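All values below were derived from every heavy atom in this structure, side-chain atoms included, with hydrogens, water molecules and symmetry-related copies excluded. Quick caveat: nothing in here was measured; it's all calculated off a predicted structure.
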Amino acid sequence: MFKNTYQSGLLSIFYSCGSNPLAIWDMEVQNGHIKRLTDNEVNSIVLEIVSSNVATTFISCPKRNQVLGIRLPFLVMIVKNLKRYFSFEITILDDKNMRRRFRISNFQSTTKIKPFCTTMPIGLSSGWNQIQFNLADFTRRAYGTQFIETLRVQVHANARLRRIYFSERLYTDEELPQDYKLYLPLERKLRKTKPEKKDNVKAVKSAPLQQSAEEKAEPPPEQVAVSVHEPPKELESKVSAATVTPTITEAGDEKAEVEGVPVGPTLDYAQEATFEPAPEGTDEVEFKEELQDFEPQATSEPEVQAEVEEEGEE
């Protein structure tokens, strides 16, 4: 099929978002289904292959008795792990003009090398995976021969497929086109910007607000004026999401930091309102002691009369 075509860079044989993704593929379905649907994780249309029997439901490329004739040594598959049995097969031709078949599955634990077939285990993580298969290296290590070309690719249930392609070498995400990446570019940008926003908020809360002389000279805008006793609703939602319990003064400071306005000196009302109460009974004891110290001098009546007589004689 591709034997007489120029092969370099990337050569795709399956893309789930195409108009007819199974144009060069044959299908075999028993006790299952093969259909296209939208995957929420990548927000894209993918091909789902599901069956109760792994061997009876599969897709194979190319159709009928044709051969691919792809000389690129790397096979890359973007598949989603459905946490069920999954298998795929690759048939190649080596320099001894022998057809070798590699069967990879997640339900085997050991590697077995036979003259015409090699079975190998594979471990998939949850969610979407990118399988990179070095055909030239596996052919040399298993059979001691050189890889010539790929003849057939067969994918069995159970998995979701997004793309299958061959490449002359392994490319990084920056070198790959947008359609060849594991996730959509929009989703990747959103995932990168979310942690950056959190880091910026933390930096604003922890580091003191530094402003130039020009910013300090400018008067604060009227929209930033916030009463200390009634913090805005937006600020309350942000603080509650961060699981912090601010006081009244902290709410004012935090709002000013977020809006970029210099903060003036604030009073710590909590410290001014805290008084240490005196122990019970101290006031009564001190008052009794003062009464005991004050003792009026008692004067007798004869002394008073004597004083009156002396004043009359004078």
field: Residues which pass ring pair (Phe, Tyr, Trp, His ring centres under 6.0 Å) with Phe102, listed by chain and number, not counting sequence neighbours
entry: Phe133
query: What heavy-atom pair brings Gly9 and Tyr171 nearest, and what distance separates the two atoms?
result: CA-OH, 3.5 Å
- prompt: Ile90, Ile164: one ILVMFWY side-chain cluster at the under-4.5 Å cut-off?
  reply: yes
statement: So CG of Leu47 and OH of Tyr15: to nearest 0.5 Å the spacing works out to 13.5 Å
query: So if you build clusters from Ile, Leu, Val, Met, Phe, Trp, Tyr with side-chain heavy-atom gaps below 4.5 Å, do Phe138 and Ile148 land together?
result: no
- prompt: Just how far is it from atom CZ of Phe14 to atom CD1 of Ile59, taken to the nearest 0.5 Å?
  reply: 5.5 Å
For residues 62-69, which side-chain donor-acceptor pairs fall under 3.5 Å, sequence neighbours excluded?
| residue | atom | partner | partner atom | Å |
| --- | --- | --- | --- | --- |
| Lys63 | NZ | Ala23 | O | 3.3 |

message: So which atom in Cys17 and which in Ile45 form the shortest heavy-atom distance, rounded to 0.1 Å?
response: SG-O, 3.6 Å
statement: Sorted by chain and residue number, the ring pair (Phe, Tyr, Trp, His ring centres under 6.0 Å) partners of Phe86 (sequence neighbours excluded) come out as Phe88
message: Using the rule given for side chain to side chain contact (heavy atoms under 4.5 Å, CB included), can you reason through Thr118 versus Arg101, listing the C-alpha separation, both sets of side-chain angles and the distance that settles it, and then say yes or no?
response: CA-CA 6 Å; Thr118 299; Arg101 185 175 57 179; over 6 Å; no
task: Tell me, yes or no, whether the heavy-atom count around Arg36 atom CZ, taken from other residues, nucleotides or ligands under 6.0 Å, exceeds 12.
output: yes
message: Other members of the hydrophobic cluster containing Tyr85, with the 4.5 Å side-chain heavy-atom rule, please.
response: Val54, Phe107
task: Salt-bridge test for Arg169 and Glu175: reply yes if a basic N is under 4.0 Å from a carboxylate O, no otherwise.
output: yes
Closest non-hydrogen atom pair between Thr57 and Gln30, with its separation: OG1-O, 2.9 Å
Distance (rounded to the nearest 0.5 Å) between Cys61 SG and Ile13 CD1: 4.5 Å
- request: Can you sort out the partners of Gln130 under side chain to side chain donor-acceptor pair (under 3.5 Å), two or more places apart, ordered by chain and number?
  value: none
Single-linkage hydrophobic cluster Met120~Val153, side-chain heavy atoms < 4.5 angstrom: yes
query: Which heavy atom in Leu11 sits nearest to a heavy atom in Leu72, and how many Å separate them?
result: CB-CD1, 3.8 Å
- prompt: Which heavy atom in Asn158 sits nearest to a heavy atom in Val50, and how many Å separate them?
  reply: OD1-CA, 3.2 Å
message: Looking at Glu168 and Arg71, is there a salt bridge between them, counting it only when a charged N and a carboxylate O are closer than 4.0 Å?
response: no
task: Decide yes or no on side chain to side chain contact (heavy atoms under 4.5 Å, CB included) for Phe147 and Asp94, but give the supporting numbers first.
output: CA-CA 5 Å; Phe147 166 79; Asp94 60 4; over 6 Å; no
- request: Please round to the nearest 0.5 Å and tell me the distance separating atom OG of Ser51 and atom CG of Asn31.
  value: 5.5 Å
query: For Thr119, what residues pass the side-chain contact (heavy atoms from CB on, under 4.5 Å) criterion, not counting sequence neighbours?
result: Arg103, Gln108, Lys112, Cys117
field: With sequence neighbours excluded, residues passing salt bridge (Lys or Arg N to Asp or Glu O under 4.0 Å) with Arg163
entry: none
field: Contact list for residues 28-82, test ring pair (Phe, Tyr, Trp, His ring centres under 6.0 Å), sequence neighbours left out
entry: Phe58-His156
- request: Find out if a path of hydrophobic residues (ILVMFWY) with successive side-chain heavy-atom gaps under 4.5 Å connects Leu151 to Phe166.
  value: no
- request: Please report the C-alpha distance between Leu10 and Leu176 in whole Å, then the side-chain angles of each, then the deciding distance to 0.1 Å, and finally whether the side chain to side chain contact (heavy atoms under 4.5 Å, CB included) criterion is met.
  value: CA-CA 9 Å; Leu10 303 173; Leu176 286 174; 4.0 Å; yes
- request: Take Ile122 and Leu124 through the test side chain to side chain contact (heavy atoms under 4.5 Å, CB included) and record every step on the way to the result.
  value: CA-CA 7 Å; Ile122 185 173; Leu124 298 176; 4.0 Å; yes
field: Set of salt bridge (Lys or Arg N to Asp or Glu O under 4.0 Å) partners for Asp95, sequence neighbours left out
entry: none
- request: With the side chain counted from C-beta on, respond yes when Ile49 and Leu161 share a heavy-atom pair under 4.5 Å apart, and no when they do not.
  value: yes
message: Regarding Ser44 and Arg162, do their side chains bring together a donor and an acceptor under 3.5 Å, going by distance alone?
response: yes
message: If we count only N and O atoms by modelled type, under 3.5 Å, do the side chains of Asn129 and Ser125 hold a donor and an acceptor together?
response: yes
field: Non-hydrogen atoms of Leu135 and Thr139 that approach each other most closely
entry: O-OG1, 2.7 Å
same_hphob_cluster(Ile131, Leu82) at 4.5 Å side-chain heavy-atom cutoff: no
statement: By salt bridge (Lys or Arg N to Asp or Glu O under 4.0 Å), Arg160 pairs with (sequence neighbours left out) Asp39, Glu48
message: For Arg141, give me all partners under salt bridge (Lys or Arg N to Asp or Glu O under 4.0 Å), at least two apart in sequence or on another chain.
response: Asp137
statement: Value for CG (Asp26) from OG (Ser60), rounded to nearest 0.5 Å, stands at 4.5 Å
statement: Residues passing the ring pair (Phe, Tyr, Trp, His ring centres under 6.0 Å) test with Tyr165, sequence neighbours excluded, are Tyr180
Heavy-atom check, side chain of Thr111 versus side chain of Pro121, under 4.5 Å: yes
query: Got a second to check how far Leu93's CG is from Arg152's CZ, nearest 0.5 Å?
result: 14.0 Å
